Amino acid sequence: MMQAKAHPTGKMFAILYNRLDLFCPQFYSFKRKSMKIGVFTCWCGENIARNVDCEKAAEAIGKLPGVYCSLSYKYMCSEPGQTLIAEKIRELGIDAVVVASCSPHMHLKTFRKAAELAGVNPYFVEMANIREHCSWVHSDKEIATAKAVELIRMAVEKVKQNRPLVPIEVPVTKRALVIGGGVAGIQASLDIANAGHEVILVEREPSVGGRMAGLSETFPTLDCSQCILTPRMVEVGQHPNIKLYSYSEVEAVEGYVGNFKVSIRKKARYVDIKKCTGCGACWNACPKKKIPNIFDFNLGNRTAIYVPFPQAVPAKPVIDAVNCTKLTTGKCGICGKKCAAGAIKYDDKDEIVVEEVGAVIAATGYELYKIDKEQTNPDISGYGEYGYGKYKDVIDSLQFERLVSASGPTNGVPQRPSDGKIPQSVVFIQCVGSRDNAKGVSFCSKICCMYTAKHTMLYKHKVHDGTAHVFYMDIRSGGKKYDEFVRRAIEQDGAEYYRGRVSKITEENGKLIVRGVDTLAGKIVTIEADMVVLASAMMPSQGAEPLAQKLGVGYDEYGFMSESHPKLRPVETNSAGVFVCGACQGPKDIPEAVAQASAAAGKVMIMLSQPKLTREPEIAKVNERNCAGCFACVVTCPYGAIERAEIKDRNGNIIKSTARVNPGLCMGCGTCVAVCPPKSVDIEGFTEQQIYAQVESLLEIG
Ligand code: FAD
Ligand code: SF4
Ligand code: SF4
Ligand code: SF4
């Protein structure tokens, strides 16, 4: 550690000295001239020290004008490290701090808190990232150390220009919006509602339940999916704190953390669900009975007026406008005549309702890789060689779930879609689309190994003398009792596993000829199968990207919504007040989706339990005197955070028009700064003076 210079002032005086500048600009400008800066360089164990000579850097920085102490320590973020900073602030009357360590994303809050507790305005803390920018990217210690010194020096020059700031307080509307009523959305809604807060739950299908409502039995316990889900669906439908908008979608989102205004499109259902008693007279009478049932992935049929499945919540029908004779030709109208409750409304229209909420959870789930969307054209699936869409008995995994589900189109008896025969031999192909950079997606869908093992078991439980064959790349069954489950499928239920890919499927004499390879045995394998089940990759639900854009949430190249930190902030997003859970964030099984949903609900409850929310003050500020009133910033701001305002004289006459920032909406992105011709906008904490000071210090060194 380098020796620090002594300071004559006492502890109380240091605290007063550090706080006074908040209220007195004259004192602040006096103080800036005599600013005492403390620089604390972290080794990050070996992470930084391996490639940066921290002692040497601290010594060089200690010689800079204004730097009153310059120390290095092994772990600056640790309790002793933070105590060291606080001690030096108090002992030496330090009034600005630079920490040279890791990314500000990681620890800026930590160091600001430490400085604040010692009496320094937290916005007089800057960080120089000498880990990611030096030690991790340079192997030459001398070069890395020289660069570290430059980065720290830039931070020192910046902090000299800092101004004292105070966090912004915003009110909070104590209601939450949950988008998506699958198991994740249901769990999040119930948790928040049970904590006493109102929840608006928006589900785009006529019923809540999501994919889980269509599953048969669930790994690793093989309990019936609907038996465990239905009570929760009913609870959601009846909960006094949950307002359910089924068959509805989020149209627009305005506002900011704590104060969102959400427009919801209630799609025309053609049935007044308040009047409807769910008696079924309408759908039993509807003559249009051969409409492919989407809930059964087109393996069964339904009527034009329908309830998607018997346990639906709400258990009220909806008219499929595309297939209803009355709505397409004006004829029929039988359901209207049969409905004793007078609930049928053929003139129903979409309706937009607006709800105000303080926080939002996105739980929009998943769908299967392309082949789920394009049922008819096998070529666009990218896996034409498997014959999906061409051969009726090549189906996907969710279709198989419906075939073995007691509530499915065959009452749980696996039957071939082509002729209704019970298949004696079924081939399951894993990783269709997953882990395939050439044709599919690069990621592992995580759950297919498990549900394929489940499928083989369910099949064998129903067709005792049948054979289940599985082609796999690796078995990935991490999880409590998961590996045991897969082994049970092989050892107890006798599924035949082949490590290898299938190259081609053809149809001959009513049989599917599956040609593949068993790489462990080093053999070509040819199987005559009655049915083939493709375990396709899990993708985000259709419409996830536009929704993420409405919410201001980032998403990856596949459309999965991004969390703000994969380890430390797994349910938060880069949009304050918006959280994610379930399969819309990445492939997940039910336990994981539920756990993440409760985590997101917990975050929302923390927010809603506070009387007011605080936001970082590093946002745009317009110099209204210089503003030319061109309003380039108003049209450019991606968050709609700048408004037109008028400055009036004492008599109420308008002197000039100016741009003005709404502090609740501004995200501090800086776009307005770049487009303002007279340079009248600045970001607090990133002002022009601060940036120039950094650049100049760099040029001086160069
Ligand atoms: P989803 O179930 O997909 O629910 C999302 C909901 O959001 C849906 O209701 C959807 O309609 C709605 N939605 C989508 N977009 C919008 C929008 N824009 N606005 C409003 N609403 C929207 N897991 C297990 O643990 N055990 C198993 O045995 C098991 N078997 C499986 C078998 C198969 C073949 C597959 C493919 C998966 C299986 N899973 C299993 C995984 C399980 O299905 C998921 O973990 C679970 O469904 C994820 O729940 P979710 O709520 O995140 O998403
Ligand atoms: Fe509802 Fe009327 Fe249909 Fe009965 S007949 S389910 S009350 S719409
Ligand atoms: Fe079916 Fe439409 Fe006729 Fe009603 S009006 S019975 S939904 S076809
Ligand atoms: Fe809008 Fe400027 Fe704030 Fe960015 S920094 S959100 S452009 S006002």
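A quick note: this is a predicted structure, and the numbers were derived from the prediction, not measured. The basis for the numbers below is simple: all heavy atoms, side chains too, and nothing from hydrogens, waters or symmetry mates. Remember, it's 1-based here, ligands and their atoms both numbered in the order they're listed.
Taking a cut-off of under 4.0 Å to the non-hydrogen atoms of Gly210, the atoms of ligand 1 that pass are 2 (O), 4 (O), 8 (C), 9 (O). Close contacts of ligand 1 with Val202, meaning ligand atoms under 4.0 Å from a residue heavy atom, involve 20 (C), 21 (N). Taking every heavy atom of Gly582 and a limit of under 4.0 angstrom, the matching atoms of ligand 1 come to 52 (O). Residue-ligand proximity, Tyr639 to ligand 4, at heavy-atom distances under 4.0 Å covers atoms 6 (S). Less than 4.0 angstrom separates some heavy atom of Glu205 from each of these atoms of ligand 1: 11 (O). With ligand atoms numbered from 1 in the order given, ligand 1 contributes 5 (C), 6 (C), 7 (O) to contacts under 4.0 Å with heavy atoms of Ala363. The distance from ligand 4 to the heavy atoms of Ile642 drops below 4.0 Å at these ligand atoms: 8 (S). If you number the atoms of ligand 4 from 1 as listed, the ones under 4.0 Å from a heavy atom of Met667 come out as 3 (Fe), 6 (S). Taking every non-hydrogen atom of Asp589 and a distance limit under 4.0 Å, the qualifying atoms of ligand 1 come out as 23 (N), 24 (C), 25 (O), 45 (O). Ligand 4 places these atoms under 4.0 Å from at least one heavy atom of Thr671: 7 (S). Numbered from 1 in the order shown, with element, the atoms of ligand 1 that lie under 4.0 Å from a heavy atom of Ser397 read 34 (C). Near Ile179, meaning under 4.0 Å from any of its heavy atoms, are these atoms of ligand 1: 19 (N), 20 (C). Those atoms of ligand 4 that come under 4.0 Å of a heavy atom in Gly668, given as number and element, are 3 (Fe), 5 (S).
Counting protein heavy atoms only, atom 36 (C) of ligand 1 is closest to Tyr366 OH, 3.4 Å. For atom 14 (C) of ligand 1, the closest non-hydrogen atom of the protein is Thr364 O, 3.1 Å. Looking only at heavy atoms of the protein, atom 30 (N) of ligand 1 is closest to Lys454 NZ, 3.0 Å. With hydrogens left out, the protein atom closest to atom 10 (C) of ligand 1 is Glu203 OE2, 3.5 Å, a heavy atom. Nearest protein heavy-atom contact of atom 25 (O) of ligand 1 is Ile590 N, 2.8 Å. The nearest protein atom to atom 2 (Fe) of ligand 4, hydrogens excluded, is given as Cys672 SG, 2.2 Å; this is a heavy-atom distance. Distance from atom 41 (C) of ligand 1 to its nearest protein heavy atom, with residue and atom name: Ile447 CD1, 3.5 Å. Of the protein's non-hydrogen atoms, the one nearest atom 4 (Fe) of ligand 4 is Cys669 SG, 2.3 Å. Nearest non-hydrogen protein atom to atom 21 (N) of ligand 1 is Arg204 N, 3.2 Å. Scanning the protein heavy atoms around atom 44 (C) of ligand 1, the nearest turns out to be Lys588 O, 3.6 Å. Of all protein heavy atoms, the one closest to atom 5 (S) of ligand 4 is Gly670 N, 3.2 Å. Looking from atom 3 (Fe) of ligand 4 to the surrounding protein, the closest heavy atom is Cys666 SG, 2.3 Å.
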Walk me through it: do Met450 and Val486 pass the test side-chain contact (heavy atoms from CB on, under 4.5 Å)?
-> CA-CA 7 Å; Met450 288 302 294; Val486 177; 3.9 Å; yes

Give the intermediate values and the outcome of ring pair (Phe, Tyr, Trp, His ring centres under 6.0 Å) for residues Tyr558 and Phe443.
-> CA-CA 10 Å; Tyr558 306 109; Phe443 59 84; 4.8 Å; yes

Derivation of the salt bridge (charged side-chain N to carboxylate O under 4.0 Å, His left out) call for Arg416 and Asp393 = CA-CA 6 Å; Arg416 302 197 338 155; Asp393 298 325; 3.5 Å; yes

Stepwise ring pair (Phe, Tyr, Trp, His ring centres under 6.0 Å) check, His455 with Tyr459 | CA-CA 6 Å; His455 285 175; Tyr459 168 67; over 10 Å; no

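The existence of a salt bridge linking Glu401 and Arg211 is excluded, since no basic side-chain nitrogen approaches an acidic carboxylate oxygen closer than 4.0 Å. Taking a cutoff of 4.0 Å between a charged side-chain nitrogen and a carboxylate oxygen, Glu684 and Arg163 qualify as a salt bridge. Checked for salt-bridge contact, Arg569 and Glu563 miss the test: no charged N lies under 4.0 Å from a carboxylate O. Salt bridge Asp320/Arg302: present, at least one basic N to carboxylate O contact under 4.0 Å. A salt bridge between Glu643 and Arg660 is absent, with no side-chain N of the basic residue lying under 4.0 Å from a carboxylate O of the acidic one. At a threshold of 4.0 Å, the pair Glu251-Lys550 does not count as salt-bridged, since none of the basic side-chain nitrogens sits closer than that to a carboxylate oxygen. Ion pair Asp350/Lys267 not flagged as a salt bridge, since none of the NZ, NE, NH1 or NH2 atoms sits closer than 4.0 Å to an Asp/Glu carboxylate oxygen.
Nearest to atom 40 (C) of ligand 1 by heavy atom, out of Phe485, Tyr451, Phe219, is Phe219.
Summarising the local packing, NZ of Lys603 is surrounded by 12 or fewer heavy atoms from other residues, nucleotides or ligands at distances under 6.0 Å.
At a heavy-atom distance under 4.0 Å, only side-chain atoms of Ile683, from C-beta outward, approach ligand 4.
Aromatic ring centres of Tyr383 and Tyr386: separated by under 6.0 Å. Between Phe428 and Tyr472, the distance separating the two ring centers is not shorter than 6.0 angstrom.
Using a 4.0 angstrom heavy-atom cutoff, Ile619 does not count as in contact with ligand 4. For the ligand labelled ligand 1, residue Val183 lies inside the 4.0 Å heavy-atom shell. The closest approach between Gly543 and ligand 1 stays at or above 4.0 Å for every heavy atom of the residue. For Glu217, the closest heavy-atom approach to ligand 1 falls below 4.0 Å.
For Cys637, the nearest N, O or S atom to atom 1 (Fe) of ligand 4 falls under 2.8 Å.
Distance check, rounded to the nearest 0.5 Å: CD1 of Ile619 to SG of Cys669 gives 11.5 Å. With rounding to the nearest 0.5 Å, the separation of CZ in Arg435 from CD in Gln430 is 9.5 Å.
Some N or O of Ala184 is nearer than 3.5 Å to an N or O of ligand 1, by distance alone. Any N or O atom pair closer than 3.5 Å counts here, and Ala583 shares at least one such pair with ligand 1. For ligand 1, the polar-atom distance check against Arg211 finds a nitrogen or oxygen pair separated by under 3.5 Å.
Judged by distance alone, with hydrogens and angles left aside, the side-chain atoms of Arg488 form no donor-acceptor pair with the main-chain N or O of Met457 at under 3.5 Å.
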